[in-house]
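So the structure is just underneath, and the comments pick up after that.
We name chains A, B, ... by the order of the sequence lines, and we start the count at 1 in each one.
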2 protein chains.
Amino acid sequence: MPNTPSNRRPTLKDLAREAGVSLASASYAVNGNGSVGEQTRAHILSVAQRIGYRQNSAARAMKTGRSGTLALLVPDLTNPFFPALAQAVFRAARAAGYTMFLIDTEGNEALEQAALAKGVDLGVDGIAWFPIRDKDTSAGVLARTPVVVLDRTVPGYAAIGIDYLDAGRIAARHLLDAGHRRIGIISGPTDIASMRDRCDGAEALICGEGALAFRVENAFSTDLEPHAQAAITGGGATAVFAAADVIAIGALRYAQANGLRVPEDVSILGFDDIPLAEQSLPPLSTIELPIEDIAQHAISELGKQIGRPHASSAALRIVHTRTRLVPRLSVRLLG
Amino acid sequence: MPNTPSNRRPTLKDLAREAGVSLASASYAVNGNGSVGEQTRAHILSVAQRIGYRQNSAARAMKTGRSGTLALLVPDLTNPFFPALAQAVFRAARAAGYTMFLIDTEGNEALEQAALAKGVDLGVDGIAWFPIRDKDTSAGVLARTPVVVLDRTVPGYAAIGIDYLDAGRIAARHLLDAGHRRIGIISGPTDIASMRDRCDGAEALICGEGALAFRVENAFSTDLEPHAQAAITGGGATAVFAAADVIAIGALRYAQANGLRVPEDVSILGFDDIPLAEQSLPPLSTIELPIEDIAQHAISELGKQIGRPHASSAALRIVHTRTRLVPRLSVRLLG
DNA sequence: TTGAAAGCGCTAACAA
DNA sequence: TTGTTAGCGCTTTCAA
């Protein structure tokens, strides 16, 4: 009959007592690091199994200052880009031996700040942070915690960026190469630098080698606002670069609902390559974000910062990853 | 000049020293519970602010046995149902004063087990668990941690269920009421009880008041397998109940790609009400899951278990929530 | 109202 | 190889 009070979760001490060894031996056996005789270890482990011993990571974390956990903050899980990114980051974290938690900041800056603080308080070893906007809501809370900002840039933090100017150029290049000259742009909300960049990149090239039919802005939604609707039906563009797939899908639907065939009458190029893009009719040509690259770089950057306690004030790495064109059927090759 | 070594995160001790008070007073001030003079507290708080003091929740959790955090495990974040559920659960948790972390078990039972264990080890106060299948992968790890199982049932755990038999009946009722008599069912993977139930519920009613044209199974995907394709084009049904929206969307597309108009030639009723359902052409009639109810009940059940240390062996609550029909345009009312 | 001090469960020197 | 022991940062009882 075990001496362990059955209503309490067994501790290392219980385990040691139960197995008739010292605390240290029990700890070594459980962590597999110190030196314990092979049979001692086996015995301890079997007792652990029997009494249902589990590490108390809080205590362990307190002692070692490491919790083996990372947090990922994303602004909106219902935007299909983020689950995809999250899975990639989860995988990368797992490969590096970390357990990753996800927090949805729900587009709410107060929540974002609270989540950042909570992460720090709980002692996660690092935070991969996809900010709601290009704004530092951290209020100094992150001073001593490894952080890497994803996709955006927040002054003072390492970041994994995407070369959006280049991405915009890739988009424009594709349309131009397909023979289009009058090209319109439907931008997403421009308070986000990455959005401005991709549109600026595209616009520069379009103006250089063709003509910008229009450049309008629309919310991050498949519902097109009136001016965007007007641009599509009356803007005179043979091709439209919609700087986000959700908007592109909205444009596609709007065009079709108004008697325009895609791509025969108007070509549409999206951006993001969300799962839905492949399944629209016609399948949407789009620009794919280097999700895997971002995930890899993010975890490796975090790993570096965690390894090297405080070089945070040292050179802040900003890694740039590149996008790729995914040609499908929504862009027409002009004769 | 503060005496706090600047490269280390300030501790309560640092705060107490810096403010010239005892550890206890500092703790009281920070937590707002013990008794401290008004000015003492204000002073301590301002010093805390200045030196950037933050609680170390790991230490706090170790002492109190409570971390103020909950974990939510879901099987697949790229299935749009889960982000929606996650957001609802996050909100409910927040309203109850908890911080919630999300873990995607990625349909992998080994990962699920590891996540469960990690949650327990980290000392979360409770776990809301949406299992991959109706299978207990917990390996006894959860013995002393409050747990509530979502949507499925796992022996030995409290659960928030959905009355799927009833849901299937609601689906069949809708089709029958619209005048359909030859009705087919495309089921999802039937190793999941909830899937069997909704189909069984529908089938019973269909057989009673009409005729079952076919009942086939398909993976949880918009890609239809050959037998499902054949059933749609050659099964002779005027209406199809696809027991998951993703499958319904696949059926819709397949039908349309093969010259069948929806709902003129064939009606399609889905299940889940994922965001995409509203945006398909035609908008998909479907059955809505009571996400908010599930979230509320889950958090409240967890709250009860956390409050009452160990009534776990007591009566296991199984709460049942009800679904609702969301009529849109993919079901035709027969003359 | 304030402070001293005892641990929470664990790790890692260090000693044996 | 094994055991003893000093804390990690915090809360909280108890005494002042």
Discussion item. Salt bridge or not between D14(B) and R17(B)? Use side-chain N to carboxylate O under 4.0 Å.
Written reply: yes
Testing dG3(D), dT1(D), dT2(C) for proximity to the side chain of S25(A), the answer is dG3(D)
Residue pairs passing the side-chain hydrogen bond (donor to acceptor under 3.5 Å, both in side chains) test with at least one member in residues 64-74 of chain A, sequence neighbours excluded, are S67(A)-T69(A), S67(A)-D125(A)
Taken in chain and number order and not counting sequence neighbours, the residues that satisfy salt bridge (Lys or Arg N to Asp or Glu O under 4.0 Å) with E301(B) are R317(B)
- [ ] For the residue pair F82(A) and L72(A), establish whether any side-chain heavy-atom pair is separated by less than 4.5 Å.
- [x] no
Is the phosphate of dT1(C), meaning OP1 or OP2, less than 4.0 Å from a side-chain N or O of S35(B)?
yes
Exam field: side chain T321(A) to backbone G161(A), donor-acceptor pair closer than 3.5 Å:
yes
Readout for nucleotides 8-16 of chain C: B = base within 4.0 Å of protein heavy atom, S = sugar-phosphate only, - = neither; 5' to 3' it is BBBBBB---
Residues at least two apart in sequence or cross-chain that pass ring-ring contact (aromatic ring centres under 6.0 Å, His included) with F81(A), listed by chain then number, are none
Those residues at least two apart in sequence (or on a different chain) that pass side-chain contact (heavy atoms from CB on, under 4.5 Å) with N31(B) are S27(B), N33(B), Q55(B), R60(B)
With five pairs defining each end axis, the helix from dT1(C)-dA16(D) to dA16(C)-dT1(D) comes out bent, to 10°, by 40°
Here the gap from T105(A) atom OG1 to F90(B) atom CZ, rounded to the nearest 0.5 Å, amounts to 10.0 Å
